[in-house]
Amino acid sequence: MSDVLAAAVSWFGVRVALLDARSERAFHLGRPPPNMSLDALPNEWTVWNEEPEGRVILTYRPDVFDADAFPAACLPTIYVTNGSRNARPGAGQLQTDEWHTTLFAEPEIELATKQLDSRAAAIEAAVDIAERFADGEVDYRGSYQVPREAYFEKLDELTGQSE
């Protein structure tokens, strides 16, 4: 009972919220906290977009990899989606029963991908991939046919990697 710090009453009915004293985040009774696993995202990663019960887009250091310092395509990004992986136009708009977590160095440069059964599992995989990337455990050089040396050097610096 000591963790219960507040109860909230809304205009449309009663919503009881628990406030966890350690994290100071409100959790609504009756369903699990939404996307709690994104709380474990490394500081270098930003939640760029999150649709309720839908896709999530995470970006790595958008403060560094902006369109001024690097080409616009050079922004490491993780997508969590249940859209079709077919290459035909519009296929990504079709929802499927499987979820995909994919790390891109650029829109056409895929570094890691996982196929999962649920959104929650896909978000957990996204956090894992983000941690591995931030710790320098993902090889981005091997995915390029034509290297972008300045981009690689900055990624090396930020992730602690060396050639």
Side-chain angles (χ1 to χ4, degrees), residues 3 18-28 30-66 69-87 91-145 147-163:
D3 285 342
L18 298 176
L19 188 59
D20 181 312
R22 291 176 306 276
S23 68
E24 297 182 355
R25 291 195 175 96
F27 299 107
H28 298 285
R31 63 181 196 185
N35 307 326
M36 192 167 158
S37 64
L38 285 176
D39 292 341
L41 197 63
N43 291 335
E44 299 90 350
W45 286 87
T46 300
V47 178
W48 193 262
N49 185 46
E50 181 179 13
E51 298 172 2
E53 302 308 313
R55 75 179 179 165
V56 176
I57 301 172
L58 309 173
T59 56
Y60 180 78
R61 297 296 308 266
D63 60 317
V64 173
F65 298 104
D66 59 18
F70 294 91
C74 295
L75 177 63
T77 307
I78 297 175
Y79 285 90
V80 174
T81 181
N82 68 334
S84 173
R85 303 248 321 144
N86 290 336
Q93 302 298 320
L94 303 173
Q95 290 187 354
T96 66
D97 291 333
E98 35 189 53
W99 285 83
H100 304 276
T101 300
T102 308
L103 167 63
F104 293 96
E106 297 183 31
E108 299 299 320
I109 310 292
E110 195 172 299
L111 301 178
T113 189
K114 291 186 177 183
Q115 180 179 320
L116 301 126
D117 293 329
S118 70
R119 182 176 189 265
I123 289 174
E124 291 292 331
V127 170
D128 176 61
I129 290 170
E131 288 171 346
R132 290 188 305 111
F133 187 88
D135 291 342
E137 297 173 13
V138 174
D139 174 28
Y140 37 82
R141 291 174 182 272
S143 297
Y144 280 82
Q145 291 179 352
R148 292 185 184 259
E149 289 305 324
Y151 183 40
F152 291 167
E153 289 171 12
K154 193 61 167 180
L155 286 172
D156 288 346
E157 174 188 328
L158 294 170
T159 63
Q161 283 193 28
S162 59
E163 280 190 74

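Residues meeting the salt bridge (charged side-chain N to carboxylate O under 4.0 Å, His left out) test with Glu157, sequence neighbours left out: Lys154. Pro147 meets the side chain to side chain contact (heavy atoms under 4.5 Å, CB included) test with Glu149, Phe152; sequence neighbours excluded. The side chain to side chain donor-acceptor pair (under 3.5 Å) test applied to Gln115 returns Glu98, not counting sequence neighbours. Not counting sequence neighbours, the partners of Ala125 by the side chain to side chain contact (heavy atoms under 4.5 Å, CB included) test are Thr101, Lys114, Leu116. Partners of Tyr79 according to the ring pair (Phe, Tyr, Trp, His ring centres under 6.0 Å) rule, which considers only residues two or more places apart in sequence or in another chain, are Phe104. The ring pair (Phe, Tyr, Trp, His ring centres under 6.0 Å) test applied to Tyr60 returns Trp45, Phe133, not counting sequence neighbours. Legend: residues meeting side chain to side chain contact (heavy atoms under 4.5 Å, CB included) with Ala73, ordered by chain and number and at least two apart, are Glu106, Pro107. Legend: residues meeting side chain to side chain contact (heavy atoms under 4.5 Å, CB included) with Pro62, ordered by chain and number and at least two apart, are Thr46, Trp48, Thr59, Leu75. With sequence neighbours left out, the side chain to side chain donor-acceptor pair (under 3.5 Å) criterion links Asp63 to Arg61.
Heavy-atom minimum distance, Leu38 versus Val56: CD1-CG1, 4.3 Å. The two residues Ala134 and Pro42 come nearest to each other via the heavy atoms CB-CB, 4.3 Å. Nearest heavy-atom pair, Leu111 versus Ala105, reported as atom, atom and distance to 0.1 Å: CD1-CB, 3.7 Å. Closest approach of Tyr151 to Cys74, counting heavy atoms only: CE1-CB, 3.6 Å.
With hydrogens and angles ignored, the 3.5 Å screen pairs no side-chain donor or acceptor of Arg55 with any backbone N or O of Asn82. Between the side chain of Asp128 and the backbone N or O of Glu131 there is no donor-acceptor pair closer than 3.5 Å. Using modelled atom types, no side-chain atom of Glu110 and backbone atom of Ser143 make a donor-acceptor pair closer than 3.5 Å. No donor-acceptor pair under 3.5 Å is formed between the side chain of Tyr140 and the backbone N or O of Pro76.
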May I have the step-by-step check of side-chain contact (heavy atoms from CB on, under 4.5 Å) for Glu44 and Val64, ending in yes or no? CA-CA 10 Å; Glu44 299 90 350; Val64 173; over 6 Å; no

What's the verdict on side-chain contact (heavy atoms from CB on, under 4.5 Å) for Val47 and Leu58, showing C-alpha distance, side-chain angles and the deciding distance? CA-CA 5 Å; Val47 178; Leu58 309 173; 3.8 Å; yes

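Environment of CG in Asp139: crowded, with over 12 heavy atoms of neighbouring residues, nucleotides or ligands closer than 6.0 Å.
Within the 4.5 Å cutoff, side-chain heavy atoms of Phe65 are placed close to those of Leu155. Side-chain contact between Ile78 and Ile57 is absent, with no heavy atoms from C-beta onward closer than 4.5 Å.
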